[in-house]
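For ligands, and for the atoms within them, numbers begin at 1 and follow the listed sequence.
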Amino acid sequence: MLIDLHCHTLPLSQCSSLVPEELVDLARERGLDGVVLTEHDSKWDEATLAEVRKRTKFLLLAGVELTTDRGHVLAYGLRPGQRSLATLAEAREAASADGALLYLAHPARDGLLRMDHEIVTSVVSVEAVNGSDTRLQNVATRGLAHGFPLPGIGGSDAHTLREVGRAATRFEARIENEGDLLAALRSGKYEAVMLD
Ligand SMILES: [Zn+2]
Ligand SMILES: [Zn+2]
């Protein structure tokens with residue numbers, strides 16, 4: 001299954017110009033089997049998401065992209081709720097309490113690879129393919145993923161129509177809900193792919 005693990009939509013990410021229904025239409029058209037909404041510092045509530053899922057008949061899940069003192073971190077499996085996670089240490093604590101997985105987002109975006117002991121011991125891997133980064137940035141990041149317990153993930157980081165479907169993660173397992181996604185991530189049986 002091809003799932004985009006990194007997308008932004010309105011109204012939770014004000015920097016995006018997409019609403020979930022638009023994103024789903026394009027994702028389906030461009031060959032994806034599912035998308036995970038990773039809004040900045042907020043997570044869609046399950047009831048709203050379930051409604052959109054029912055209406056669109058498309059796999060739509062929620063993660064979150066946390067803004068931390070060590071850069072952006074993609075989190076899957078965090079419980080929704082108002083928590084201030086301003087530091088990577090706090091994100092790590094929340095992730096371990098919730099059984100969530102953290103991946104360092106677009107590690108090469110700022111022109112240097114952000115990597116040190118704190119990061120290496122806080123995340124399970126990195127976002128190895130980001131559809132909004134350059135080819136060179138993605139080449140650098142792919143190598144980085146080899147040093148972590150799990151493979152790197154892939155996502156479009158879509159904020160507009162243009163980026164939808166550019167990158168994704170290919171899973172061996174069948175994924176129908178957040179629990180399946182977490183199990184599939186933990187299994188390590190997936191790979192990051194660039195799609196255009
Ligand atoms: Zn980001
Ligand atoms: Zn993002």
Visitor: Does the side chain of Q137 come under 3.5 Å of the side chain of T134 through a donor N or O and an acceptor N or O?
Guide: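 Side chains of Q137 and T134: pair found under 3.5 Å.
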
Visitor: Could you check whether R30 pairs with E163 (Lys NZ or Arg NE/NH1/NH2 to Asp/Glu carboxylate O, under 4.0 Å)?
Guide: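 Salt bridge: no.
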
Visitor: Taking side-chain hydrogen bond (donor to acceptor under 3.5 Å, both in side chains) as the criterion, tell me which of R109, H6, H106, H72 meets it with E127.
Guide: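 Option passing the side-chain hydrogen bond (donor to acceptor under 3.5 Å, both in side chains) with E127: H6.
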
Visitor: When you group the ILVMFWY residues by side-chain heavy-atom contacts below 4.5 Å and let the links chain together, are M194 and V126 in the same group?
Guide: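 Different clusters: V126 never reaches M194 through Ile, Leu, Val, Met, Phe, Trp or Tyr contacts under 4.5 Å.
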
Visitor: What is the total of protein N/O/S atoms that are closer to the Zn ion (ligand 2) than 2.8 Å?
Guide: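 Step by step: take the Zn ion (ligand 2), keep protein N, O, S below 2.8 Å, and you get 4.
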
Visitor: Identify, with sequence neighbours excluded, every residue that meets salt bridge (Lys or Arg N to Asp or Glu O under 4.0 Å) alongside R170.
Guide: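 With sequence neighbours excluded, R170 shows a salt bridge (Lys or Arg N to Asp or Glu O under 4.0 Å) to E191, given in chain and number order.
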
Visitor: Are T141 and V129 close enough that some pair of their side-chain heavy atoms sits under 4.5 Å apart?
Guide: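 No - every pair of side-chain heavy atoms lies 4.5 Å or more apart.
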
